[in-house]
Undergrad: 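The structure is given below, and queries will be raised subsequently.
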Amino acid sequence: MTDPLDRIAAALERLAPPPPPAPDLTAHPAYVWHRGDIQPARAFAPLPLTELVGIDAQKATLVENVRRLAAGLPAHDALLWGARGTGKSALSKAAIATIQAEGGGVALVEAQADALDTLPALFAQLAEAPRAFVIFLDDLGFDAASDGRALRSLLEGGAEARPANTRLFVTSNRRHLIPRNLEEQASAINPRDSIDDSLALADRFGLSLGFHAIDQDTYVAIVQTYAADHGLPFDAAEAINWATRRGSRSGRVAWQYVVDLAGRHGKRL
């Protein structure tokens, strides 16, 4: 007969299995951080830089920043802000993939915006790894200045320094991450203090790259680039009609049109 204590121990292990082993932090191009657990990303296939049209200055700046980070040189945290669907997230990932293709030792770690309080634990895990990491926070925004203080401390001014091999890349539709309104200035004893508090968070990013709404010519050029890269027919008038019906012109809308185009022509992307 099996010892009852052994059976109880086995049952407890089934109910609460041990955590999965930590992944090799040198083996994968990208990881996902879930509140204390880091695991390899299931699929990391960023768009090539050549398919990101109309943002050449932003591309050059961000790629060079990642190149420096991978080489162990001083590099900046980056805030990519601006109109939705203009390539902020795509460029963040494409810049890392570009440096990886050059042989640079850098990986992406995607974290959720609601997990800022767990990032010090992530930094502790990454500090000893023999490569660089970009901590990627997508579509971040705060409702009040006090909500952003955790991130402000992570960027600069916290009691514990960040590892030199990690930097944060944040995307947001807001230039200053925190909305500004006249009411908060009117209620403050010193209106300038209220404004400075809102701007202090964005000011802590060494790089601030703006992405602006695109015009029709740029939209058509994006569609043309996608179509050429995937062997699809290009019809500018049809692409414009698609954007008109969507009520928006952006890189995201261009890609959605190309997905529809590929489906109609029986082609895989």
Side-chain angles (χ1 to χ4, degrees), residues 29-30 41 43-70 75-76 78-102 104 106 108 110 134 136-140 167 169-175 205 207-269:
F44 183 62
L47 291 173
L49 280 179
T50 54
E51 290 193 1
L52 300 178
V53 175
I55 52 173
D56 291 344
Q58 296 93 324
K59 286 195 293 186
T61 300
L62 196 65
V63 168
E64 178 58 24
N65 192 56
V66 176
R67 185 177 288 116
R68 293 175 186 174
L69 177 63
H76 290 297
L79 172 62
L80 292 78
W81 60 270
R84 66 186 188 276
T86 49
K88 301 182 294 293
S89 300
L91 177 56
S92 298
K93 297 172 184 177
I96 293 169
T98 297
I99 302 307
Q100 289 173 344
E102 295 177 0
V106 64
L108 177 140
E110 184 165 3
V134 169
F136 179 58
L137 299 167
D138 196 24
D139 197 20
L140 191 64
R167 288 294 177 268
F169 284 10
V170 171
T171 72
S172 175
N173 292 336
R174 302 169 181 165
R175 182 175 185 176
F205 290 89
L207 280 184
S208 180
L209 303 176
F211 293 71
H212 306 288
I214 63 176
D215 58 22
Q216 181 167 290
D217 289 343
T218 302
Y219 166 79
V220 170
I222 294 171
V223 173
Q224 187 173 19
T225 299
Y226 282 148
D229 286 353
H230 295 284
L232 295 167
F234 172 67
D235 184 331
E238 184 181 80
I240 292 170
N241 183 55
W242 173 276
T244 301
R245 288 188 283 114
R246 292 297 303 272
S248 174
R249 285 193 304 260
S250 69
R252 180 177 296 136
V253 170
W255 177 249
Q256 291 167 348
Y257 166 71
V258 168
V259 169
D260 184 76
L261 184 65
R264 285 188 276 123
H265 285 83
K267 289 206 169 189
R268 296 183 181 275
L269 296 174

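All residue numbers in this chain count up from 1 along the given sequence.
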Undergrad: Measuring from atom CG of Leu108 to atom CZ of Phe44, what distance do you get when rounded to the nearest 0.5 angstrom?
TA: 5.0 Å
Undergrad: Hey, can you pull the donor-acceptor pairs under 3.5 Å for the side chains in residues 221-238, sequence neighbours left out?
TA:
| unit_1 | atom_1 | unit_2 | atom_2 | d |
| --- | --- | --- | --- | --- |
| Thr225 | OG1 | Ala221 | O | 2.9 |
| Asp235 | OD1 | Ala237 | N | 3.1 |
| Asp235 | OD1 | Glu238 | N | 3.1 |
| Glu238 | OE1 | Tyr257 | OH | 2.5 |
| Glu238 | OE1 | Arg264 | NH2 | 3.2 |

Undergrad: Do Phe136 and Ile96 have side-chain heavy atoms sitting under 4.5 Å apart?
TA: no
Undergrad: Does Arg84 have any side-chain hydrogen bond (donor to acceptor under 3.5 Å, both in side chains) partners at least two apart in sequence or in another chain, and if so, which?
TA: none
Undergrad: Can you tell me if Ser172 uses its side chain to pair, donor with acceptor, with the backbone of Leu140 under 3.5 Å?
TA: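 Yes; at least one donor-acceptor contact below 3.5 Å.
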Undergrad: If you take all heavy atoms of Tyr219 and Ala239, which pair is closest and at what distance?
TA: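 Where Tyr219 meets Ala239 most closely, the heavy atoms are OH-O, 2.8 Å.
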Undergrad: For Glu64, what residues pass the salt bridge (Lys or Arg N to Asp or Glu O under 4.0 Å) criterion, not counting sequence neighbours?
TA: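 Per chain and number, Glu64 pairs via salt bridge (Lys or Arg N to Asp or Glu O under 4.0 Å) with Arg67, Arg68.
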Undergrad: Could you work out, with side-chain hydrogen bond (donor to acceptor under 3.5 Å, both in side chains) as the rule, every residue matching Ser89, not counting sequence neighbours?
TA: Asp138
Undergrad: Mind checking side-chain contact (heavy atoms from CB on, under 4.5 Å) for Gln216 and listing every partner two or more places apart, or none if nothing turns up?
TA: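 Result, side-chain contact (heavy atoms from CB on, under 4.5 Å) vs Gln216: Val220, Ile240, Arg249.
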Undergrad: Could you go through the side chain to side chain contact (heavy atoms under 4.5 Å, CB included) check for Lys267 and Leu261 one step at a time?
TA: CA-CA 9 Å; Lys267 289 206 169 189; Leu261 184 65; over 6 Å; no
Undergrad: Give me the one residue out of Leu91, Leu79, Leu137, Asn65 that meets side-chain contact (heavy atoms from CB on, under 4.5 Å) with Phe169.
TA: Asn65
Undergrad: Kindly write out the residues that satisfy side-chain contact (heavy atoms from CB on, under 4.5 Å) with Ala70, not counting sequence neighbours, or none if the list is empty.
TA: Ile99, Val106
Undergrad: Would you kindly say whether Thr244 and Asn241 are connected by a side-chain donor-acceptor distance under 3.5 Å?
TA: no
Undergrad: Can you tell me if Lys88 uses its side chain to pair, donor with acceptor, with the backbone of Ala83 under 3.5 Å?
TA: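 At least one qualifying donor-acceptor pair exists.
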Undergrad: With distance as the sole test, does Thr171 use its side chain to make a donor-acceptor pair with the main-chain N or O of Asp139 at under 3.5 Å?
TA: yes
Undergrad: Would you be so kind as to tabulate the donor-acceptor pairs closer than 3.5 Å made by side chains of residues 51-59, with sequence neighbours excluded?
TA:
| unit_1 | atom_1 | unit_2 | atom_2 | d |
| --- | --- | --- | --- | --- |
| Gln58 | NE2 | Gly210 | O | 2.8 |
| Lys59 | NZ | Leu49 | O | 3.0 |
| Lys59 | NZ | Leu52 | O | 2.9 |

Undergrad: Ignoring hydrogens and angles, tell me if any N or O in the side chain of Arg246 forms a donor-acceptor pair with the backbone of Val253 under 3.5 Å.
TA: no
Undergrad: For the atom pair CG (Leu209) and OG1 (Thr61), what is the distance rounded to the nearest 0.5 Å?
TA: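 One gets 6.0 Å once the value is rounded to the nearest 0.5 Å.
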Undergrad: Applying side-chain contact (heavy atoms from CB on, under 4.5 Å), can you list everything that pairs with Ala41, at least two apart in sequence or on another chain?
TA: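 By the side-chain contact (heavy atoms from CB on, under 4.5 Å) rule, Ala41 matches Ala30, Val32.
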